[in-house]
Amino acid sequence: MKKLFIVMFFVCLGSWRSYAQEGGEAPMEKTELDSLFSAIQGFVGNWWNGSDLYPDPCGWTPIQGVSCDIFDGLWYVTALNIGPTHDNSLACSPNAHFRQQLFELKHLKTLSFFSCFVSTKGNNSVSLPTGEWLKLAGSLESLEFRSNAALTGQIPGSLGSLSKLQSLVLLHNGFVGEIPENFGDLIKLKRLVLAGNSLTGPIAQNLGRLSELLILDLSRNSLSGSLPSSLGNLTSLLKLDLSDNKLSGILPSELGNMRNLTLLDLSNNSFYGGLRQSFEKMNSLQEIILSNNPIGGELDSINWKNLRNLAILDLSDMGLEGDVPDSLSELKSLRFLGLSHNNLTGNPSPKLATLPFVSAIYLFGNNLSGDLKFSEKFYGKMGRRFGAWDNPNLCYPIGMLAASTAPYGVKPCEEEEEVVKLMKKPISKANFDMRNWNLAVSKGCSVIGIEGFGWKFVGKTLTMVLLMNMFVMK
């Protein structure tokens, strides 16, 4: 019975292959098949013979990275993914290049290249074709080039003709020049990622026309100029990342129109002019990262309690002044607070310790002063993730803390430190110096009873009494 099953299987398989090759229910158009094989061969090398390796790429011999669909009773390629995304994926050759046949795949919806154009030796750099993209305008919905260091030159403006495009990702390549002005015509775009290239010039006003955009990531380039106010028209935007550029100017108040935004990252630029009160309207924000900008101003210019969904707030190295406002303690979802390397003054409120999910608070490199009033339990939980060092006038009261839980890099309060030194000094009748005793009294105990009573020296007084008892006992 088992042998009969095996025989029947191979008979059926042979019949199915013959049926597919002779024109079965959904054969592949020959020009489509030839275009697919030739296009792939241009990327992986001439050694690749698709007709021998994959005679039925949409059927019983599928190619990794190739997807098909049936149109008018025939198979057509709808997705082509080139690069080592899986073990058996199509890997590119050192001299990978575009062939004209790629643009003959008239039902292509998805086209992506990952680590395909990577060889930078000699003259192996490749530029994107310019005039052929219009052929894919009626079908292409997603175009991605990721991690292709040898893919250089300018981004062709002809990509702006891909009217059905919903996702355009040009990430970590070698593109130079400006963002094409006509990218504002891609009104169906939901994701535009041009990060990690060497793009220059301004952010075009036309990008404000992309009303369906959900993600805009132009980070890690050399873009310059101010932010166009038209970005406020992107009311559907969820993520805006413009970090690590050379952008400058005052932040436009129109950014507050992005009511659905969850991430705002403008770090490592040259923005100035203070924090904008319009940020309060962006109550969906979960992450605000504005660090390393000379923005200046004061923290209390914003009513922080309106941003109740914030989990990450990084405002370090921004030239901020004034106090750390108590309203920050109302951000009950906050996990990270970065205020380091500013010009903040005053005493940080212990209310920050009430944040239920906070795992890091960095206040180092400011001008904070006075006694830290956080609990020993808080210091023990946070460890070095509570960063308050490099505040010369900030100290902690050692009488209330064990040495193991003292905040890292913060000195003990000076008056209490003097008492500790006296307590550590061995006392005997032979080495007891009444002049030192009188000096200690004149510094501390003698002020009791003068103008409102020096209660902060009561602890010192008690210590002196204990020292005298020790002396008498000896």
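Here the CG atom belonging to Leu275 is positioned 8.0 Å from the CG atom belonging to Leu251, to the nearest 0.5 angstrom. Rounding to the nearest 0.5 angstrom, the gap separating the CD1 atom in Ile155 from the CG atom in Leu199 is 4.5 Å. Taken from CG in Leu105 to CG in Leu111, the straight-line distance is 9.0 Å, to the nearest 0.5 Å. Rounded to the nearest 0.5 Å, atoms CG (Leu313) and CD1 (Ile361) are 11.0 Å apart. Between the CD atom in Gln154 and the CD atom in Glu178 there is a gap of 8.0 Å [rounded to 0.5 Å]. The CG atom of Leu159 sits 8.0 Å away from atom CG of Leu165, with the distance rounded to the nearest 0.5 Å.
A donor-acceptor pair under 3.5 Å is formed between the side chain of Ser139 and the backbone N or O of Leu108. When atom types are taken as modelled, the side chain of Asn269 and the backbone of Leu247 share a donor-acceptor pair closer than 3.5 angstrom. With Asn245 contributing its side chain and Ser243 its backbone, the two residues share a donor-acceptor pair below 3.5 Å. A donor-acceptor pair under 3.5 Å is absent between the side-chain atoms of Asp241 and the main chain of Leu218, judged by distance alone. The closest donor-acceptor contact from the side chain of Arg385 to the backbone of Ser359 lies under 3.5 Å. Looking only at distances, a side-chain donor or acceptor of Glu280 sits under 3.5 Å from a matching main-chain atom of Asn303. The backbone N or O of Leu337 lies less than 3.5 Å from no partner atom in the side chain of Asp314, so there is not a single donor-acceptor pair. Put simply, the side chain of Lys373 never gets that close to the backbone of Tyr396: no donor and acceptor are under 3.5 Å apart. With Asn347 contributing its side chain and Asp371 its backbone, the two residues share a donor-acceptor pair below 3.5 Å. Looking at Asn366, its side chain does come within 3.5 Å of a backbone N or O of Leu339 through a donor-acceptor pair.
Residues Ile82 and Cys92 are in side-chain contact: their nearest non-hydrogen atoms beyond the backbone lie under 4.5 Å apart. Side-chain contact between Ser369 and Leu394 is absent, with no heavy atoms from C-beta onward closer than 4.5 Å. For the pair Val126 and Thr152, the minimum side-chain heavy-atom distance is 4.5 Å or more. Side-chain contact between Val66 and Val77 is present, with heavy atoms from C-beta onward closer than 4.5 Å. At least one side-chain heavy atom of Leu128 sits under 4.5 Å from a side-chain heavy atom of Leu151. When side chains are defined from C-beta on, Pro348 counts as touching Leu372, because their heavy atoms get closer than 4.5 Å. Residues His172 and Arg220 have side chains in contact (heavy-atom distance under 4.5 Å, counting atoms from C-beta outward). In this structure, Leu363 and Trp389 have side chains that are not in contact, with every pair of non-hydrogen atoms separated by 4.5 Å or more.
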Walk me through it: do Leu80 and Ile40 pass the test side-chain contact (heavy atoms from CB on, under 4.5 Å)?
CA-CA 9 Å; Leu80 179 58; Ile40 293 177; 4.2 Å; yes
What verdict does the side-chain contact (heavy atoms from CB on, under 4.5 Å) test give for Asn283 and Asn306, after you've listed the backbone C-alpha separation in whole Å, the side-chain angles of each residue and the deciding distance to 0.1 Å?
CA-CA 6 Å; Asn283 50 26; Asn306 292 334; 5.7 Å; no
Give the intermediate values and the outcome of salt bridge (charged side-chain N to carboxylate O under 4.0 Å, His left out) for residues Glu212 and Lys190.
CA-CA 6 Å; Glu212 296 185 19; Lys190 290 180 171 54; 3.0 Å; yes
Are Leu255 and Leu227 close enough, and set up right, to give a side-chain contact (heavy atoms from CB on, under 4.5 Å), and what steps lead you there?
CA-CA 10 Å; Leu255 292 181; Leu227 294 188; 4.3 Å; yes
Hey, mind stepping through Leu344 and Leu299 against side-chain contact (heavy atoms from CB on, under 4.5 Å) and telling me if it holds?
CA-CA 9 Å; Leu344 298 173; Leu299 280 170; 4.0 Å; yes
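Heavy atoms of other residues, nucleotides or ligands lying less than 6.0 angstrom from NZ of Lys332 number more than 12. No more than 12 heavy atoms of other residues, nucleotides or ligands sit less than 6.0 Å from atom CD of Gln277. Within 6.0 Å of the CZ atom in Arg384, the count of heavy atoms belonging to other residues, nucleotides or ligands does not exceed 12. The environment of Tyr408 atom OH is sparse: at most 12 non-hydrogen atoms of other residues, nucleotides or ligands sit within 6.0 angstrom. Enclosure of atom NZ in Lys411 by more than 12 non-hydrogen atoms of other residues, nucleotides or ligands within 6.0 angstrom is indicated. Counting heavy-atom neighbours within 6.0 Å of Lys135 NZ, excluding the residue itself, gives a total above 12.
There is a side-chain donor-acceptor pair under 3.5 Å between Asp244 and Asn268. Between the side chains of Asn173 and Asn148, at least one donor N or O sits under 3.5 Å from an acceptor N or O. If you check the side chains of Ser229 and Glu254, you find no donor sitting under 3.5 Å from an acceptor. Side-chain atoms of Asn292 and Ser267 form no donor-acceptor pair, as typed in the model, at a separation below 3.5 Å. A side-chain donor from one of Thr405 and Glu376 sits under 3.5 Å from a side-chain acceptor of the other.
Closest of all the heavy-atom pairs between Pro228 and Ala204 is CG-O, 4.1 Å. Pro129 approaches Pro156 most closely through the heavy-atom pair O-CG, 3.5 Å. The heavy-atom pair separating Ser89 from Pro84 by the smallest distance is CB-CA, 4.1 Å. For the pair Leu261 and Leu264, the tightest heavy-atom approach, listed with the atom from each and the gap, is CD2-CB, 3.9 Å. What you find for Ser158 and Gly131 is that their closest heavy atoms are OG-N, 4.4 Å. Closest heavy-atom contact between Phe378 and Ala353: CD1-CB, 3.5 Å.
Within the structure, the ring-ring contact (aromatic ring centres under 6.0 Å, His included) test picks out the following pairs touching residues 318-348 (sequence neighbours left out): Phe336-Tyr362, His341-Phe364. Legend: disulfide (SG to SG under 2.5 Å) pairs involving residues 161-192, not counting sequence neighbours: none detected.
The side-chain tip of Arg335 points at the ring of Phe357 from less than 6.0 angstrom away and within 45° of straight on.
Ring-plane geometry between Phe113 and Phe43 is classed as perpendicular, the angle between the planes exceeding 60 degrees on a 0 to 90 degree scale with a lower cut at 30.
Residues forming a salt bridge (charged side-chain N to carboxylate O under 4.0 Å, His left out) with Asp185 (at least two apart in sequence, or on another chain): Arg209. Take Asp69 and apply the salt bridge (charged side-chain N to carboxylate O under 4.0 Å, His left out) test, not counting sequence neighbours, and it matches no residue. Not counting sequence neighbours, the partners of Gln101 by the side-chain contact (heavy atoms from CB on, under 4.5 Å) test are Ser35, Ser38, Arg99. Every salt bridge (charged side-chain N to carboxylate O under 4.0 Å, His left out) that Lys351 has, sequence neighbours left out, goes to Asp326.
In summary, the aromatic rings of Phe114 and Phe145 are positioned with their centroids too far apart to meet the 6.0 Å limit.
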